[in-house]
Protein chains: 2
Amino acid sequence: MESGAVTARTSTESARDIPEATVARLPVYLRALITLAEAGTTTCSSEELARAAGVNSAKLRKDLSYLGSYGTRGVGYDVNYLRYQIAREIGVTQDWPVVIVGIGNLGHALANYSGFRSRGFRVVALLDADPERQDEVVAGVDVRPFDDLEAIVGEQGVAIGVIATPAAAAQAVADRMVAAGITSILNFAPTVLAVGEGIDVRKVDLSIELQILAYHEQRKAAHDEEAS
Amino acid sequence: MESGAVTARTSTESARDIPEATVARLPVYLRALITLAEAGTTTCSSEELARAAGVNSAKLRKDLSYLGSYGTRGVGYDVNYLRYQIAREIGVTQDWPVVIVGIGNLGHALANYSGFRSRGFRVVALLDADPERQDEVVAGVDVRPFDDLEAIVGEQGVAIGVIATPAAAAQAVADRMVAAGITSILNFAPTVLAVGEGIDVRKVDLSIELQILAYHEQRKAAHDEEAS
DNA sequence: TAGATTGTTAATCGATTAACAATC
DNA sequence: TAGATTGTTAATCGATTAACAATC
C-alpha cells in the first residue's frame with residue numbers, strides 16, 4: 001500500500017476502522033450511486049448496485065457494513081441516502097482545495113478535469129517553474145510561479161497537492177509541498193517519492209498500467225499457441 | 001481485481017503462475033533498475049533495489065523468486081541482467097502497438113507521454129469521432145476518424161487500446177474495440193465497462209485517487225482535534 | 001574460512017466469498 | 001404471513017513479513 005497506515009487511535013463514533021481495500025472501493029460505489037440517481041432510480045438492491053459498480057454483491061454488502069446499517073432488509077438501499085452517507089464517510093461533502101504543480105499536457109488535462117470539482121475538489125492554484133507558462137490561464141485559473149506555493153497553501157489551507165512534473169523535479173516539489181504544510185500527495189511523475197511519517201502519497205503511473213496489460217496479453221498469446 | 005483471472009493452463013516453462021500483486025510490482029522494479037543502470041550502478045542488493053522501488057526487501061526477494069533465481073547469494077543482482085529478465089517476463093522486450101481513442105486534454109497528454117515509447121509501447125493511431133479534430137497531428141501521429149478503428153487494428157495487429165473519451169462514449173468504444181480484435185483495454189473514462197470473457201480491462205480514475213487521499217486526510221484532521 | 005546476501009519457509013495478516021439468520 | 005434482501009458469520013484464499021538455511 002502506498003498510503004500510510006492509519007495509526008491506532010482512541011475509538012470515537014466516526015473513527016471506525018475501515019479496511020484499505022474497502023476505502024478504495026467507496027468512491028466507486030459513490031460514482032455508481034450518482035449515475036443511478038441521475039437515471040431517476042430512488043431505491044436499489046445490493047445486487048443492482050454491485051452490478052453498476054463492477055463488484056459482486058457479497059463484497060458490496062460487506063464493504064457497506066463497515067459504514068453502518070444504511071439499508072432495509074427486504075427492500076434495499078435508498079439511493080440518495082446511501083450516496084450521502086458514503087460521501088460523508090469519504091469526506092467529500094466538504095470542499096478540498098487542491099494545488100497542481102507542473103502545467104504540461106497532463107497538468108492541463110488535470111486542471112480541466114470536471115470530475116474533480118463535481119466531487120468536492122477545488123483547484124485553487126496551478127504552479128509551474130517555467131516563467132513562460134506563467135502568463136497562461138488554464139480552466140479559468142491563473143498559472144503562478146512555483147515559489148508562490150507556500151503562500152497559497154498557507155492562505156487557502158491546502159492539504160492535498162498534485163504533482164504532474166517530470167520525474168526529475170518531483171522529489172524537490174514534494175519536499176517543498178510537505179514543508180509548506182501539505183500532507184497528501186497525488187503523484188503522476190514516474191518516480192518513487194520519499195516522504196516523512198504521516199504524509200500520504202498515492203501514485204498513478206500510466207506506463208505501469210500498460211505494462212500490467214502487456215503481461216497478461218503475452219500470456220494470452222502463449223496460451224493460444226499452445227492450444228493450436 | 002479489475003483484470004481477468006488468468007485461467008488454468010497446462011504448465012510450460014515460461015508459464016509460471018505469478019500472483020497478481022507481484023505482476024503489478026514488476027514494472028516498478030523495472031523502472032528502479034533502469035534508474036540504477038542510468039546512474040552507472042552495475043550490481044545491487046535486494047535491500048538497495050527495494051529502497052529504490054519503495055517496498056521492503058523481503059517482498060522484493062519473494063516477488064523475484066517467482067521469476068527464477070537471478071541473483072547471487074552473498075553478492076546481489078546484476079542490474080542489467082535482472083532488468084532484462086523482468087522486461088522479458090512482463091513482455092516489454094517486444095513492441096506493442098497501441099491505439100488511443102479520444103483526443104481531448106487527456107488523450108493529448110497520453111499521446112505525448114514519452115514513458116510509453118521507451119517501454120515497448122508504440123502509439124500507432126489516435127482516433128476521434130469529432131471531424132474537427134481529425135486535421136490535427138499530435139506527437140507526430142495523425143488523428144484519424146474513429147471509424148478507421150477496425151482497419152488499423154487489423155493491419156497493425158493491435159491488441160491494446162486506450163480509452164480517453166467522455167464517460168458517455170466509453171462503452172460503445174470498448175464494444176467496437178473488442179469487436180475489432182482488441183483484448184486489453186486501459187480505461188480512463190470514469191465508468192465501469194462491461195466486456196466479455198478473456199478481455200482485460202484496467203481502469204485509471206483520477207478523481208477516485210483524490211477521494212482516497214481525502215478519506216485519510218479527513219481522518220488526520222479528526223485525529224488532530226482529538227489530540228488537542 | 002568469514003561475511004554477506006539470496007531464496008525459501010512458515011507464520012501472520014488481510015481480503016474475498018458463500019451461505020444464511022435476521023428482519024423488513 | 002410469504003417473499004425479498006440485508007448484515008454477519010465463518011471458511012477460504014491470497015499477500016505480507018520475519019527469520020534463517022543455503023550458498024556465493
Side-chain angles (χ1 to χ4, degrees), chain A residues 1-8 16-26 28-29 32-33 36 41-79 81-83 85-86 89 212, chain B residues 1-8 16-26 28-29 32-33 36 41-79 81-83 85-86 89 212:
Chain A
M1 268 302 120
E2 203 96 20
S3 55
V6 175
T7 49
R16 273 171 282 252
D17 228 33
I18 300 182
E20 264 308 300
T22 298
V23 170
R25 284 188 294 265
L26 291 179
V28 180
Y29 302 153
L33 286 165
L36 286 171
T41 309
T42 56
T43 298
C44 69
S45 66
S46 63
E47 196 64 57
E48 291 170 288
L49 181 54
R51 199 173 328 112
V55 302
N56 80 38
S57 65
K59 190 189 276 180
L60 172 75
R61 290 199 302 278
K62 181 86 175 142
D63 283 341
L64 294 183
S65 76
Y66 291 111
L67 312 192
S69 277
Y70 296 134
T72 307
R73 287 165 203 246
V75 178
Y77 301 92
D78 181 285
V79 170
Y81 181 63
L82 184 60
R83 170 183 171 175
Q85 292 298 340
I86 293 179
E89 188 71 40
I212 295 170
Chain B
M1 266 306 116
E2 203 98 19
S3 53
V6 174
T7 49
R16 273 171 282 253
D17 227 35
I18 300 181
E20 264 308 301
T22 297
V23 170
R25 282 188 295 265
L26 291 180
V28 180
Y29 302 153
L33 286 164
L36 286 171
T41 309
T42 56
T43 299
C44 69
S45 66
S46 62
E47 196 63 57
E48 290 170 290
L49 182 53
R51 199 174 327 114
V55 303
N56 79 39
S57 65
K59 190 189 276 177
L60 171 76
R61 289 198 302 276
K62 181 86 176 143
D63 283 340
L64 294 184
S65 76
Y66 291 111
L67 312 193
S69 276
Y70 296 135
T72 307
R73 290 165 201 245
V75 177
Y77 302 93
D78 181 285
V79 170
Y81 180 63
L82 185 58
R83 171 183 170 174
Q85 292 299 340
I86 292 179
E89 189 71 41
I212 295 170

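Proteins come first, then strands; the chains are lettered A, B, ... in the order of their sequence lines, and each starts at number 1.
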In whole angstrom, give the distance that lies between atom [atom1] of [X] and atom [atom2] of [N].
X	N	atom1	atom2	result
A:Leu82	D:dG7	CG	C1'	14 Å
A:Asp63	C:dT16	CG	C1'	10 Å
B:Tyr81	C:dT6	OH	P	15 Å
A:Leu49	D:dG7	CG	P	12 Å
A:Lys59	D:dA10	NZ	P	22 Å
B:Glu48	C:dA4	CD	P	14 Å
B:Glu20	C:dA15	CD	C1'	15 Å
A:Ile18	C:dG14	CD1	C1'	15 Å

B:Arg25, nearest nucleotide to its side chain (from D:dT16, C:dT16, C:dG7):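 The listed nucleotide nearest to B:Arg25's side chain is D:dT16.
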
Validation row: [X], [Y] side chains within 4.5 angstrom (heavy atoms):
X	Y	answer
B:Val79	B:Thr42	no
B:Leu82	B:Leu64	yes
B:Leu36	B:Glu48	no

Salt bridge (Lys or Arg N to Asp or Glu O under 4.0 Å) partners for B:Arg83, two or more places apart: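 Here no residue qualifies.
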
Test salt bridge (Lys or Arg N to Asp or Glu O under 4.0 Å) applied to B:Arg51 - qualifying residues, sequence neighbours left out: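 Salt bridge (Lys or Arg N to Asp or Glu O under 4.0 Å) list for B:Arg51, sorted by chain: empty.
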
Short side-chain N/O contact to D:dG7 OP1/OP2 from A:Tyr77, under 4.0 Å: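 So the side chain of A:Tyr77 is within the cut-off, an N or O lying under 4.0 Å from OP1 or OP2 of D:dG7.
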
Phosphate OP1/OP2 of C:dA15 contacted by A:Tyr66 side-chain N/O (<4.0 Å):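 The answer is no; no side-chain N or O of A:Tyr66 sits under 4.0 Å from OP1 or OP2.
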
Annotated protein contacts, base or backbone, on nucleotides 18-24 of chain D with a non-hydrogen cut-off under 4.0 Å, one of B, S, - each: BB-BBBB

Those residues that, when tested against A:Ser46, pass side-chain contact (heavy atoms from CB on, under 4.5 Å) (two or more places apart):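 A:Ser46: side-chain contact (heavy atoms from CB on, under 4.5 Å) contacts with A:Ser57, A:Leu60, A:Arg61, A:Tyr77.
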
Partner residues of A:Thr43 under the side-chain contact (heavy atoms from CB on, under 4.5 Å) criterion, sequence neighbours left out: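 Expected list: A:Val75.
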
Dot-bracket encoding per residue of DNA chain C, Watson-Crick/G-U cut-off under 3.5 Å, | denoting interstrand: ..||||||||||||||||||||||

From A:Thr22 atom OG1 to A:Lys62 atom NZ, the distance as rounded to the nearest 0.5 Å: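 Answer for the OG1-NZ pair, A:Thr22 versus A:Lys62, is 8.5 Å.
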
Straight-line distance of A:Leu67 CG to A:Ile18 CD1, nearest 0.5 Å: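 It comes to 5.0 Å.
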
